[in-house]
Amino acid sequence: MKMPVQNPLFPVFLKLENLRVLLVGGGNVGLEKLTAILRSSPATAVTVVSLTFLPALRALAARHPAVQLHVGSYADSFLEGADLVFCATDDPALHRRIVAAAHAARLLVNVADTPPLCDFYLSSVVQKGALKVAVSTNGQSPTVAKRLRAVLEAALPDELDAVLQKMPAIRKQLAGDFAAKVKALDAVTAGLAGAPATWPPPPGAGGRWPWARCWPPGPWPWPAGAPRPINRWMKTKELANY
Ligand SMILES: C[C@@]1(CC(=O)O)c2cc3[nH]c(cc4nc(cc5[nH]c(cc(n2)[C@H]1CCC(=O)O)[C@@](C)(CC(=O)O)[C@@H]5CCC(=O)O)C(CC(=O)O)=C4CCC(=O)O)c(CCC(=O)O)c3CC(=O)O
Ligand SMILES: NC(=O)C1=CN([C@@H]2O[C@H](COP(=O)(O)OP(=O)(O)OC[C@H]3O[C@@H](n4cnc5c(N)ncnc54)[C@H](O)[C@@H]3O)[C@@H](O)[C@H]2O)C=CC1
């Protein structure tokens with residue numbers, strides 16, 4: 001029997017800085033959306049249309065030269081030249097009109113607080129240097145997504161970025177055909193995923209993500225005889241110094 005798909009959303013990482021974004025609404029929710037956009041993609045050309053703007057949104061826009069503020073009411077003409085649309089006003093009827101007009105122009109729309117009207121959702125974003133992890137709960141609980149972000153942020157070692165910075169150079173040094181390179185890269189990075197787990201987890205660890213709580217990895221020196229935590233992140237450190 002076919003299992004139902006729990007989350008049919010298709011994840012992609014957009015080059016948002018190559019696109020033009022229209023954001024309608026300059027209040028609290030508009031500020032949240034603009035913050036999320038600029039945190040990941042600070043050079044994005046965002047046009048914000050709103051009757052009023054929160055001072056914090058004006059301040060954020062002032063720090064990002066590609067953001068333009070238009071004081072006034074939304075009009076369909078703002079959709080011309082937009083690639084992606086965010087609705088964040090306090091007017092649900094306006095949101096429905098914007099979605100209809102945007103869809104007529106084959107544009108994708110995100111409507112704050114109205115999942116059924118969204119073509120895409122925002123995610124909670126974990127960032128460590130070049131590494132980016134996006135968390136989606138399929139709209140079930142943004143709060144759980146936010147909590148998971150914090151868990152992952154704490155669990156992922158800072159050395160991971162050093163590893164990522166080194167990988168292109170390592171890849172360049174490898175000889176052989178594509179398959180041989182994949183094999184060599186798999187071998188170089190085996191420590192990231194391969195260290196065998198110990199069970200039961202060490203004291204202080206537990207719950208669903210014992211390894212996540214093992215970072216930093218427990219007391220030092222580790223008590224004699226106590227089982228070692230999973231040491232995949234120690235391997236990461238070694239690889240960072242490769
Ligand atoms: C469907 C989705 C569409 C979209 O907005 O893209 C959506 C919808 C709704 N959000 C609501 C409320 C809250 N949203 C947050 C926070 C975030 N919401 C985000 C995404 C999403 N929110 C998309 C699904 C994401 C997923 O799949 O998990 C995050 C991840 C990304 C971002 O927005 O940047 C960001 C966390 C960023 C971070 O910190 O990492 C908090 C918590 C807080 O603010 O602290 C609350 C209050 C607590 C609560 O209700 O949980 C409500 C109810 C409104 C009401 O009750 O009136 C709806 C509507 C509904 O659920 O019906
Ligand atoms: N602030 C929050 O954390 C939450 C908000 N909501 C809901 O989300 C909606 C938005 O909330 P906020 O951002 O706090 O409201 P807000 O009142 O701070 O912002 C709404 C913005 O929309 C603009 N606007 C209204 N009509 C417009 C039009 N025709 N053209 C252009 N701009 C227009 C206003 O000028 C204002 O800047 C509300 O319906 C609210 O009930 C729901 C949950 C939490």
Side-chain angles (χ1 to χ4, degrees), residues 4-14 16 19 21-42 44 46-62 64 67-80 82-103 107-128 131-156 209 212:
V5 178
Q6 294 285 331
N7 183 340
L9 300 173
F10 183 67
V12 294
F13 288 87
L14 290 177
L16 206 58
L19 303 178
V21 172
L22 175 67
L23 168 61
V24 188
N28 297 300
V29 175
L31 174 61
E32 273 176 28
K33 298 295 175 191
L34 188 63
T35 303
I37 290 168
L38 297 175
R39 189 178 291 139
S40 267
S41 310
T44 305
V46 187
T47 299
V48 193
V49 183
S50 189
L51 301 172
T52 58
F53 290 99
L54 281 184
L57 193 151
R58 284 188 183 279
L60 181 64
H64 293 82
V67 175
Q68 283 193 9
L69 305 185
H70 279 266
V71 185
S73 190
Y74 163 83
D76 286 345
S77 55
F78 282 103
L79 295 177
E80 287 161 24
D83 296 302
L84 216 56
V85 182
F86 291 79
C87 298
T89 76
D90 50 358
D91 183 347
L94 173 65
H95 289 172
R96 285 193 292 276
R97 288 207 307 279
I98 297 176
V99 168
H103 283 174
L107 299 175
L108 301 179
V109 192
N110 175 281
V111 183
D113 295 335
T114 320
L117 285 187
C118 288
D119 296 312
F120 62 94
Y121 297 156
L122 298 191
S123 56
S124 269
V125 179
V126 184
Q127 210 154 344
K128 286 259 161 132
L131 180 78
K132 190 168 276 184
V133 181
V135 179
S136 157
T137 67
N138 198 13
Q140 294 293 109
S141 174
T143 299
V144 168
K146 183 179 74 176
R147 292 288 184 211
L148 262 171
R149 165 170 63 76
V151 169
L152 292 171
E153 251 158 18
L156 293 171
W209 300 289

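In each ligand, atom 1 is the first atom listed, and ligand 1 is the first ligand listed.
- Here the protein heavy atom with the shortest distance to atom 32 (C) of ligand 1 is Leu122 CB, 3.8 Å.
- In this structure the side chain of Asn138 never reaches within 4.5 angstrom of the side chain of Gln6, judged on heavy atoms.
- Shown here, atom 18 (N) of ligand 1 is in close reach of the protein: a heavy atom of it lies under 4.0 Å off.
- Looking only at protein heavy atoms, the nearest one to atom 53 (C) of ligand 1 is Asp113 OD1, 4.2 Å.
- Residue Asn110 touches ligand 1 through its side chain alone, judged by heavy-atom distances below 4.0 Å.
- Taking atom 3 (C) of ligand 1 as the reference point, the nearest protein heavy-atom neighbour is Tyr121 CD2, 3.7 Å.
- Within ligand 1, counting atoms from 1 as listed, the ones closer than 4.0 Å to a heavy atom of Ser136 are 27 (O).
- The atoms of ligand 1 that sit less than 4.0 Å from any heavy atom of Ala36 are 34 (O).
- The salt bridge (Lys or Arg N to Asp or Glu O under 4.0 Å) test applied to Lys146 returns no partner, not counting sequence neighbours.
- Within the structure, the side-chain hydrogen bond (donor to acceptor under 3.5 Å, both in side chains) test picks out the following pairs touching residues 27-42 (sequence neighbours left out): Ser40-Lys132.
- Looking at Lys33 against ligand 1, only its side chain comes within 4.0 Å, counting heavy atoms.
- Annotation: side chain of Thr114 is not in contact with side chain of Arg96 (no heavy-atom distance under 4.5 Å).
- Closest to atom 22 (N) of ligand 1 among all protein heavy atoms lies Pro142 CG, 3.6 Å.
- Contact annotation: the side chain of Leu79 approaches that of Tyr74 to within less than 4.5 Å [non-hydrogen atoms, C-beta and beyond].
- Contact of the Cys118 side chain with the Asn110 side chain is registered, since non-hydrogen atoms from C-beta on lie closer than 4.5 Å.
- Per-atom contact check: atom 49 (C) of ligand 1 touches the protein, criterion being a heavy-atom distance below 4.0 Å.
- With a heavy-atom cut-off of 4.0 Å, Pro115 touches ligand 1 through its side chain alone.
- Distances below 4.0 Å separate heavy atoms of Ala145 from the following atoms of ligand 1: 28 (O).
- The NE2 atom of His95 sits 6.5 Å away from the CG atom of Asp91 when rounded to the nearest 0.5 Å.
- Here the straight-line distance linking atom CD of Glu153 with atom CD of Gln127 works out to 9.0 Å at 0.5 Å rounding.
- Of the protein's non-hydrogen atoms, the one nearest atom 28 (O) of ligand 1 is Thr137 OG1, 2.6 Å.
- For ligand 1, the atoms sitting less than 4.0 Å from at least one non-hydrogen atom of Asn138 are 27 (O), numbered in the order shown with element in parentheses.
- The presence of a protein heavy atom under 4.0 Å from atom 26 (C) of ligand 1 is confirmed.
- Between Thr89 and Ile98, the closest side-chain pair of non-hydrogen atoms is not below 4.5 Å.
- By the side chain to side chain donor-acceptor pair (under 3.5 Å) test, Ser124 is found to be paired with no residue, residues two or more places apart in sequence or in another chain being considered.
- For the pair Ser136/Asn7, a side-chain contact is recorded, criterion being any heavy-atom separation below 4.5 Å from C-beta on.
- Rounding to the nearest 0.5 Å gives a distance of 11.5 Å between SG of Cys87 and CG of Asp113.
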Contact table, ligand 2 N/O with protein N/O, distance under 3.5 Å:
residue, atom, partner, partner atom, Å
ligand 2, 6 (N), Asp113, OD2, 3.1
ligand 2, 8 (O), Asp113, OD2, 3.2
ligand 2, 13 (O), Asn28, N, 3.1
ligand 2, 13 (O), Val29, N, 2.8
ligand 2, 14 (O), Asn28, ND2, 3.0
ligand 2, 18 (O), Asn28, N, 3.3
ligand 2, 29 (N), Ser73, OG, 3.3
ligand 2, 30 (N), Tyr74, N, 3.0
ligand 2, 32 (N), Leu51, N, 3.3
ligand 2, 35 (O), Ser50, OG, 3.3
ligand 2, 35 (O), Leu51, N, 3.4
ligand 2, 35 (O), Thr52, N, 3.0
ligand 2, 35 (O), Thr52, OG1, 2.8
ligand 2, 37 (O), Gly26, N, 3.4
ligand 2, 37 (O), Gly27, N, 3.3
ligand 2, 37 (O), Ser50, OG, 3.0
ligand 2, 37 (O), Thr52, O, 3.0
ligand 2, 37 (O), Thr52, OG1, 3.0

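- The shortest distance between side-chain heavy atoms of Leu107 and Leu22 does not fall below 4.5 Å.
- In terms of polar-atom proximity, Glu32 is not counted as a contact of ligand 1, lacking any N or O under 3.5 Å from an N or O of the ligand.
- Summarising the contacts of atom 40 (O) of ligand 1 with Gln140, Lys146, Arg149, Glu153, the nearest heavy atom is found in Arg149.
- Nearest protein neighbour of atom 24 (C) of ligand 1, counting heavy atoms only, is Gly139 CA, 3.8 Å.
- Across all non-hydrogen atoms, the minimal contact from Tyr121 to Pro115 is OH-CB, 3.4 Å.
- Counting heavy atoms under 4.0 Å from ligand 1, residue Ser123 touches it through the backbone alone.
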Practice task
Evaluate the criterion side chain to side chain contact (heavy atoms under 4.5 Å, CB included) for residue pair Leu57 and Leu69; output intermediate values, then yes/no.
Solution key: CA-CA 10 Å; Leu57 193 151; Leu69 305 185; 3.9 Å; yes
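- Of the protein's non-hydrogen atoms, the one nearest atom 51 (O) of ligand 1 is Thr143 OG1, 2.7 Å.
- Across all non-hydrogen atoms, the minimal contact from Val67 to Ala61 is CG1-CB, 3.7 Å.
- Inter-residue side-chain proximity for Val12 and Phe120 is flagged as unmet; no heavy-atom pair is nearer than 4.5 Å.
- Distance check for atom 56 (O) of ligand 1: every protein heavy atom is found at 4.0 Å or beyond.
- Ranking the protein heavy atoms by distance from atom 37 (C) of ligand 1 puts Ser124 OG, 3.5 Å first.
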